[in-house]
Student: 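Encoded as structure tokens, here's the structure I'll be asking about.
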Amino acid sequence: REETTQSDGGRSIYIKGINAKGIWERTLTSSGSDNDNDGSFDRIEVPIVTADSEKVVAESWWEAGGTKHVSWTYGVERYGGGSFESKRYLENDGDVYVCDSTFHPDEEGREPSYLKWKFLREGTAYMLDEK
């Protein structure tokens, strides 16, 4: 389960992830959006603590006309070291919240690992299209 709250016109996004491992809360500050200044903006890096209790630096921004939130966490030491990239967006008229997460290892030659999470909005009935 993941809960998000935006503030400051989308510049700040609070994310609370809840899973079997526990609860991970963090607030990201967006550097900007592809809607701003022809898509150019100054990077804003903020310190956060990962779900694994590592102190890292995060950067985030909006893409796709402000409909996709992208974040990177740099300085991860677990899993052999690397960075996490996450893209969050809505599908199915806002009923499905998607988080695409990719771990980019520092070790040359190691392939990135990818995981896609899909969360159904509470109170939404969702039917699979059987084909």
Side-chain angles (χ1 to χ4, degrees):
R1 173 180 168 150
E2 197 163 273
E3 300 170 8
T4 61
T5 305
Q6 293 181 40
S7 59
D8 192 21
R11 293 280 185 212
S12 181
I13 184 167
Y14 165 80
I15 304 168
K16 180 178 182 180
I18 304 167
N19 60 36
K21 189 173 183 176
I23 297 172
W24 179 29
E25 297 178 89
R26 66 262 189 217
T27 300
L28 302 173
T29 302
S30 293
S31 297
S33 167
D34 57 1
N35 286 335
D36 300 335
N37 306 316
D38 296 324
S40 62
F41 43 82
D42 294 327
R43 294 175 58 166
I44 298 174
E45 295 183 345
V46 295
I48 66 167
V49 177
T50 69
D52 295 313
S53 301
E54 285 190 280
K55 293 179 181 177
V56 297
V57 174
E59 176 186 18
S60 65
W61 60 89
W62 290 94
E63 292 181 350
T67 63
K68 183 180 289 187
H69 188 264
V70 180
S71 63
W72 280 79
T73 54
Y74 305 108
V76 174
E77 293 181 14
R78 288 196 60 146
Y79 318 111
S83 300
F84 279 100
E85 172 190 16
S86 295
K87 296 182 179 185
R88 293 175 169 81
Y89 53 93
L90 299 174
E91 290 182 342
N92 295 48
D93 297 321
D95 287 337
V96 178
Y97 169 73
V98 181
C99 179
D100 291 325
S101 186
T102 305
F103 179 72
H104 299 274
D106 287 338
E107 185 181 325
E108 199 168 314
R110 238 180 98 197
E111 294 293 320
S113 301
Y114 175 80
L115 179 64
K116 180 182 279 194
W117 298 90
K118 289 192 174 191
F119 302 92
L120 188 61
R121 181 187 303 267
E122 286 185 20
T124 301
Y126 188 72
M127 302 296 287
L128 295 174
D129 185 18
E130 295 182 32
K131 292 183 180 181

Student: Determine the minimum heavy-atom distance between Trp24 and Ile48, stating which atoms define it.
Tutor: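 That would be CZ2-CD1, 4.3 Å.
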
Student: Is there a side-chain contact between Trp117 and Val98 (heavy atoms, below 4.5 Å)?
Tutor: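 The answer is no, as the side chains (C-beta and beyond) never meet within the 4.5 Å cut-off.
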
Student: Are Ile13 and Thr5 packed together at the side-chain level, in the sense that at least one heavy-atom pair is separated by less than 4.5 angstrom?
Tutor: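 No; the side chains remain at least 4.5 Å from each other.
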
Student: Does a donor on one side chain sit under 3.5 Å from an acceptor on the other, for Glu59 and Trp61?
Tutor: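 Side chains of Glu59 and Trp61: no pair found under 3.5 Å.
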
Student: Provide the closest heavy-atom pair for Ser60 versus Leu28 in the form atom of the first, atom of the second, distance.
Tutor: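 Closest pair (atom of Ser60, atom of Leu28, distance): OG-CB, 3.7 Å.
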
Student: Test question: given the 4.5 Å side-chain rule for I, L, V, M, F, W and Y, name all other residues clustered with Tyr114, or answer none.
Tutor: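 Tyr114 clusters with nothing; isolated.
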
Student: I want to check something: taking the side chain as every heavy atom from C-beta on, are Arg26 and Val49 in contact at a cut-off of under 4.5 Å?
Tutor: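 Side-chain contact under 4.5 Å: no.
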
Student: Do you know the tightest heavy-atom contact between Arg121 and Gly94?
Tutor: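 In terms of heavy atoms, the two residues are closest at NH2-O, 2.5 Å.
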
Student: Give a yes or no on whether Glu25 atom CD has more than 12 heavy-atom contacts from other residues, nucleotides or ligands under 6.0 Å away.
Tutor: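 Correct, the count exceeds 12.
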
Student: Do Ile44 and Phe84 sit in the same hydrophobic cluster, where Ile, Leu, Val, Met, Phe, Trp and Tyr count as joined when their side-chain heavy atoms come under 4.5 Å apart?
Tutor: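 Same cluster: Ile44 reaches Phe84 through Ile, Leu, Val, Met, Phe, Trp or Tyr contacts under 4.5 Å.
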
Student: Can you establish whether the number of heavy atoms outside Asp93 located under 6.0 Å from its atom CG is more than 12?
Tutor: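 It does not: Asp93 CG has 12 such atoms or fewer within range.
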
Student: Looking at every heavy atom in both Thr73 and Val56, which two are closest together, and how far apart are they?
Tutor: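 Heavy atoms of Thr73 and Val56 come nearest at CB-CG2, 4.1 Å.
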
Student: What's the shortest heavy-atom distance between Thr67 and Tyr89, and which atoms?
Tutor: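 Nearest pair, atom of Thr67 first, then Tyr89: O-CB, 3.6 Å.
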
Student: When you check the side-chain N and O atoms of Tyr97 and Arg88, is any donor under 3.5 Å from an acceptor?
Tutor: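 The answer is yes; a qualifying pair exists.
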
Student: Fit a plane to each ring of Phe103 and Tyr79, take the angle between them on a 0 to 90° scale, and name the class: parallel (under 30°), tilted (30 to 60°) or perpendicular (over 60°).
Tutor: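 Perpendicular.
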
Student: Does the ring centre of His104 sit less than 6.0 Å away from the ring centre of Trp72?
Tutor: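 Yes, close enough.
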
Student: Side-chain contact, heavy-atom cut-off 4.5 Å: Arg78 with Glu54?
Tutor: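 The answer is yes, as the side chains (C-beta and beyond) meet within the 4.5 Å cut-off.
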
Student: Can a salt bridge be assigned to the pair Glu85 and Lys87 using a cut-off of 4.0 Å between side-chain N and carboxylate O?
Tutor: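 Salt bridge: yes.
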
Student: Of all the heavy-atom pairs spanning Pro112 and Pro105, show the shortest one and how long it is.
Tutor: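 In terms of heavy atoms, the two residues are closest at CA-CD, 3.8 Å.
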
